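Here the structure is a predicted model, which is why all the values come from computation and not from measurement.
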Amino acid sequence: MIKYLAKRLLQLIPKLLIISMIIFLGLQLLPGDAITRTLSPEIYKHMTEAQLEELREALGLNKPLIIQYFTWLKGILRGDLGYSQSTGSDIASMLKGRLPSTIELAFFALIVANVLGLLFGFIAALNKNSFIDYLFTTLSVIGISVPEFFFGIAFILLLSLKLGLLPTGGRMAAGKPGFIDRIPYMIMPVLCLGISLIATLMRFTRSSMLDVLNKDYIKTARSKGLDEVEVNVKHGFRNALIPVMTLLVFRLPILVSGTVVIESIFNYPGMGSMVLDAISAGDMPVVMITTMVIAAVTLIASTLVDVFTAALDPRIRLE
């Protein structure tokens, strides 16, 4: 298992390099350069060509793209993430203030989605073609079909403005930075992020569980007189989790990217709103770094899921 884990971690290095190259080169294809995207039209219009050329030379924009890429990558490896073109702030400091908020939000959304999605799918499979099965199936269709921002607006109108149960947005109250004090601010964003994943996991778990329950080894376990709970949980649910984990890997990028919309709706100070502000301002250094961070978090989460899947099925480690 240790050998498999080390192999998976080493595979992250070339993946991150390829992603960083795609991000850097892709953003270079946008119209203009760092100067035209940063300076206001009035200031740009009054600058001479010599001044613009001097500024490009100072920023290293006259160097070949491959040199610019490796300079940028070298800075990242040294911990120098650069500065925001729109605000002049240190990007590392900006991430330090925003990244924990997004990780906290995505982490709890993932926990809630996993627990409820797997539980509801398991219950629906054991009660096939019953009222509970039809109810969960209907709710899953609604959860998949309705966009996240609609749930966000509906939650604010109902739970905040109508009933006054939860705050409309933000991350914490003034002078109350404790985790317990932040919980009311996280409930609605976490639910909005998790609803789609809950619905998807529930449907996929139900299908996977029904498929496993028809396998010969389940019939053999029952013929041996094993307890029904042990058959369903130990032999059925455990094997049904393997394809579900594959689905979870593909849903992780959607979960992370979903924070952009949800954080904007609830005025949540995280990476999502930071990316949106950077894109609106044409702040490419911030966009590149935040995109790299989101890609790295997604890859690490994907690797952890692969390790968990290998722990469930030793045959994967052998392959």
Side-chain angles (χ1 to χ4, degrees), residues 1-29 65-82 90-111 113-114 193-194 197 200-201 204 241-260 263 270-272 274-275 278 284-319:
M1 186 64 187
I2 296 178
K3 182 179 179 181
Y4 176 80
L5 176 60
K7 180 182 177 181
R8 297 296 299 160
L9 291 176
L10 288 175
Q11 290 176 352
L12 288 177
I13 298 175
K15 291 179 181 179
L16 286 173
L17 287 174
I18 293 173
I19 289 175
S20 68
M21 189 174 295
I22 293 174
I23 291 172
F24 183 85
L25 296 179
L27 291 176
Q28 300 304 316
L29 298 177
L65 279 182
I66 191 66
I67 301 298
Q68 294 183 42
Y69 166 73
F70 280 110
T71 302
W72 174 70
L73 184 61
K74 182 181 178 181
I76 293 177
L77 296 177
R78 291 185 314 194
D80 180 14
L81 304 184
D90 181 18
I91 298 179
S93 300
M94 296 170 65
L95 287 178
K96 186 178 180 181
R98 297 292 192 105
L99 185 58
S101 302
T102 295
I103 291 178
E104 183 179 65
L105 193 63
F107 174 77
F108 285 106
L110 187 62
I111 295 297
N114 282 342
L193 273 177
L197 185 55
T200 306
L201 281 176
F204 207 83
L241 279 179
I242 296 174
V244 174
M245 288 300 103
T246 304
L247 170 70
L248 185 59
V249 172
F250 291 107
R251 295 294 297 183
L252 281 174
I254 300 176
L255 179 65
V256 175
S257 61
T259 60
V260 176
E263 288 179 3
M271 287 276 293
M274 180 178 168
V275 172
M284 291 303 108
V286 176
V287 173
M288 289 191 291
I289 294 297
T290 50
T291 307
M292 273 296 301
V293 171
I294 292 174
V297 171
T298 303
L299 281 177
I300 292 172
S302 172
T303 300
L304 292 177
V305 172
D306 287 345
V307 172
F308 178 71
T309 305
L312 290 175
D313 190 352
R315 293 173 299 178
I316 296 177
R317 299 197 299 269
L318 296 177
E319 292 173 359

**Item:** Summary of salt bridge (Lys or Arg N to Asp or Glu O under 4.0 Å) pairs that have at least one residue in residues 98-110, sequence neighbours excluded
**Value:** E104-R171, E104-R182
**Asked** So, the side chain of T102 versus the backbone of L99: is there a donor-acceptor pair under 3.5 Å, distance only?
**Response** no
Least distance between heavy atoms, [X] atom then [Y] atom:
{"X": "G194", "Y": "A113", "value": "O-CB, 4.0 Å"}
{"X": "T71", "Y": "I67", "value": "OG1-O, 2.7 Å"}
{"X": "A109", "Y": "L193", "value": "CB-CB, 3.8 Å"}

**Message:** Is any side-chain heavy atom of S20 closer than 4.5 Å to one of Y69?
**Reply:**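 Counting from C-beta outward, Y69 and S20 do come under 4.5 Å.
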**Prompt:** Are any non-hydrogen side-chain atoms of V287 and I23 less than 4.5 angstrom apart?
**Reply:**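 Not touching, per the 4.5 Å side-chain cut-off.
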**Request:** Go through the steps to decide whether L201 and N114 satisfy the test side-chain contact (heavy atoms from CB on, under 4.5 Å), and finish with yes or no.
**Result:** CA-CA 7 Å; L201 281 176; N114 282 342; 3.4 Å; yes
**Message:** Just verifying a value: how many Å separate F70 CZ and M21 CE, rounded to the nearest 0.5 Å?
**Reply:** 5.5 Å
**Request:** Could you tell me the separation between the CD1 atom of I19 and the CG atom of L12, rounded to the nearest 0.5 Å?
**Result:** 9.5 Å
**Complete:** With sequence neighbours left out, the residues meeting ring pair (Phe, Tyr, Trp, His ring centres under 6.0 Å) with F108 are F179
**Item:** A296: partners by side chain to side chain contact (heavy atoms under 4.5 Å, CB included), with sequence neighbours left out
**Value:**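 By the side chain to side chain contact (heavy atoms under 4.5 Å, CB included) rule, A296 matches L16.
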**Complete:** Residue set satisfying side chain to side chain contact (heavy atoms under 4.5 Å, CB included) with L81, at least two apart, ordered chain then number -> I76, I91, A92, L95, I289
